Number of protein chains: 2
Amino acid sequence: MAAASIRDVAQHAGVSVGTVSNVLNRPGEVSAESMQRVHRAIEDLGYVRNDAARKLRAGTSSTVGFVVLDGQNPFFGDVVRGAEDEASSHGIAVLYGNTDEDVARERLYLDLFEEQQVRGVLISPYSDINPRLERLRTRGIPAVLVDRFSGDGRFSSVSVDSVVGGRMAAEHLIETGRRRIAFVGGPFEIRQVTDRLAGARVAVENSTEPVDIDVVATAALTVAEGAAAGARIISRPRREWPDAIFAANDLLALGLLQALIVDGRMLVPEDIALIGFDDIAFASAAAVPLSSMRQPSGMIGRTALRILLEETSDPTLIPRQTVFLPQLVVRRSTAARGTTGKT
Amino acid sequence: MAAASIRDVAQHAGVSVGTVSNVLNRPGEVSAESMQRVHRAIEDLGYVRNDAARKLRAGTSSTVGFVVLDGQNPFFGDVVRGAEDEASSHGIAVLYGNTDEDVARERLYLDLFEEQQVRGVLISPYSDINPRLERLRTRGIPAVLVDRFSGDGRFSSVSVDSVVGGRMAAEHLIETGRRRIAFVGGPFEIRQVTDRLAGARVAVENSTEPVDIDVVATAALTVAEGAAAGARIISRPRREWPDAIFAANDLLALGLLQALIVDGRMLVPEDIALIGFDDIAFASAAAVPLSSMRQPSGMIGRTALRILLEETSDPTLIPRQTVFLPQLVVRRSTAARGTTGKT
DNA sequence: AATCTGAAGTGAATCGATTCAGGTTCGATT
DNA sequence: AATCGAACCTGAATCGATTCACTTCAGATT
């Protein structure tokens, strides 16, 4: 049983294909009578529009591609979710691909999206793919960078100011009396990591008190790497133990927390404060609820999608950089020493 | 600058469009000479295949739709990931939509996938959509149910035996000396929840020792609901405290764990054992590493996709139900009372 | 009665990749 | 030399929705 085409519908309703198309696309220009008959026919035949034919003719689709860096990180899950919400209110679907920090897959998905003639592309880039995105643009497919500031201003971007976030986190640690801060994060190819560290350094330098900061490098932003980093910190001679840790993201922080609790010699927050970044859902659910720099993740997705749609409808728009400020969320893991603080 | 079409490529290379198509689709039937010239031309013109035209002609695409119940749950993230991996090794892309337990969105995505003529649909159903799936099937679009046994055998499914899983979890609690078990879960519209409880009841009845089990209902399978349920349990008179909790999934379990630790009167695992279901990544990273029933989540996704592809290539295949057994993962949260067990 | 107007409708051309019946070339075989 | 077949190539027809120049016709205007 072949699917019904627009021609079948036209025949069944006793009108021309043009009229059927008008019923579907500009209902104003059709008499009530035809309208009804066409709808009947559609119902009877179970007709469903063939998107391929429509797309071929129109040269564009109602799909948007999203190339995500790390689908396992709940932070990106929230961003995708926001984009999806916004998209579905515009009748647009999000096609989505995971790169897992793999250059080949990043390219694969961009090719795929180009073949599919998506309306536009959201991407949290891993490698430097500006040239690739330029080419897409000449094809009429705009792109918006997500969670990454567009340094050269060639594309619109939606991100969070990681430098400010890093500064706020470190200032919070200093204000609550900490003086020896360890920054845990890596790899340093990831822009956000270096920015957060840079921000923390600013806070340290601006401090009226003398504050130390040292760096513990990790190979990835995962729970496992966080736990490993924790073990390394614990194995230091006791007098070199920090009294605060700033983790580049919450996954690391959760790993660190686990390592510290298992070891048991340094209590959080009594002996050592711990703060993460992203404020994923699991941060507040940790055994010691985790302080964190909240990113408005859903909002990032929504905004990116909205900007993308604006650019598709007016290609002359100049790229604009949207930067949100992160927000300090204080929970028990950074309570000051004397405090019995619960959250 | 209009994008180059296959005709432009043919002209540029001095061959016919048919030959260009052959280069792209059956490289064996083309001389090395033409091959090279066509590839040159493709390079020069920056040609990219128009997927819409190809799909229109072929009547089918190389895309698969995945309708996911709860994109925020890391368990589904892992399933999607597995499906994606398998798909990409077949040159197939996964289009993915989140229903968030919303009937309207479920229908929306199915409509969308039908218009797009996807190859097939993976779905973890929320409402009863068998009729809708039947219609898709008459259109040549097969569907595979994910994480849900197909009761009437009309569709293939890939799931985990939740009854057995529930039994194993409860047996483990009983074997390690627990006698008063609380089952935390809900809503009971979700099949998995009732199955897991049913399994636990079987274990209790089969036990040679007298074992109590009672049910603490939740409104959703989330961390927040878990914490709330924990508070309710703690507020009971002391002699009615359970000595073990079986949570319907890990999100609940993590919430429960947090509530118990914050309160501090019941130690895990000394006073109360805690086991979850799914074995998401955060389970092992919890402050008290969480015992759980592991579901082979990635495998579920891979398998579902593989079955789907088989059904697309041979529509006469009879639906088959694939059921995995969950696996008990013992960590510290269910260590026997005397033990200093660490994991 | 002749003419015009606007609303409603028609149907052929179009988008670009694929397919396949038919054509050409050329070396091997008889 | 004639015949054959394999290898390779050609190009028109096709998929289905959209578009737009064109037709139709009821009713208004002169």
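From a predicted model like this one, the values you see are computed outputs, not experimental measurements. Naming convention: chains lettered A, B, ... in sequence-line order (proteins, then strands); numbering from 1 in each chain.
- Using a 4.0 Å heavy-atom cutoff across all strands shown, B:V20 reaches no nucleic acid atom at all.
- No more than 12 heavy-atom neighbours from other residues, nucleotides or ligands sit within 6.0 angstrom of CZ on B:R107.
- In this model, a donor atom of one side chain and an acceptor atom of the other lie less than 3.5 Å apart for A:N130 and A:D152.
- Protein atom CE of B:M35 is 11 Å distant from nucleotide atom P of D:dC9, rounded to whole Å.
- Among the atoms of the strands shown, base atoms are found under 4.0 Å from some heavy atom of B:T19.
- With 3.5 Å as the limit, one finds no donor-acceptor pair spanning the side chains of A:H39 and A:E43.
- Nucleic acid contact class of B:R7 (heavy atoms, under 4.0 Å, all strands): base.
- Where DNA chain C meets chain B (any atom under 4.0 Å from a heavy atom), the bounding nucleotides read 5' to 3' are C:dG16 to C:dT19.
- Between the axis at the start and the axis at the end of the helix from C:dA1-D:dT30 to C:dT30-D:dA1 there is an angle of 60°, using five pairs per end and rounding to 10 degrees.
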Let's go through B:S156 and B:Q321 carefully: what are the C-alpha distance in whole Å and the side-chain angles of both, what is the deciding distance for side-chain hydrogen bond (donor to acceptor under 3.5 Å, both in side chains) to 0.1 Å, and is it a yes or a no? CA-CA 5 Å; B:S156 288; B:Q321 317 306 321; 5.7 Å; no
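- With a 6.0 Å radius and a threshold of 12 heavy atoms from other residues, nucleotides or ligands, B:Q36 has its CD atom at or below the threshold.
- Nucleic acid contact class of B:N25 (heavy atoms, under 4.0 Å, all strands): sugar-phosphate only.
- Using a 4.0 Å heavy-atom cutoff across all strands shown, B:R57 reaches at least one base atom of the nucleic acid.
- Of the two residues contacting DNA chain D, namely B:A58 and B:E29, the nearest-nucleotide position lying further toward the 5' end is that of B:E29.
- Mapping B:E33 and A:Y47 onto DNA chain D by nearest heavy atom places B:E33 closer to the 5' end of the strand.
- Between A:Y96 and B:Y96, the ring center distance clears the sub-6.0 Å criterion.
- Shown here is B:R191, whose CZ atom has no more than 12 heavy atoms of other residues, nucleotides or ligands within 6.0 Å.
- Counting non-hydrogen atoms under 4.0 angstrom, B:S21 reaches a base of the nucleic acid.
- In this structure, A:T63 contributes its side chain and A:A93 its backbone to no donor-acceptor pair below 3.5 Å.
- Heavy atoms of other residues, nucleotides or ligands lying less than 6.0 angstrom from CD of A:E310 number more than 12.
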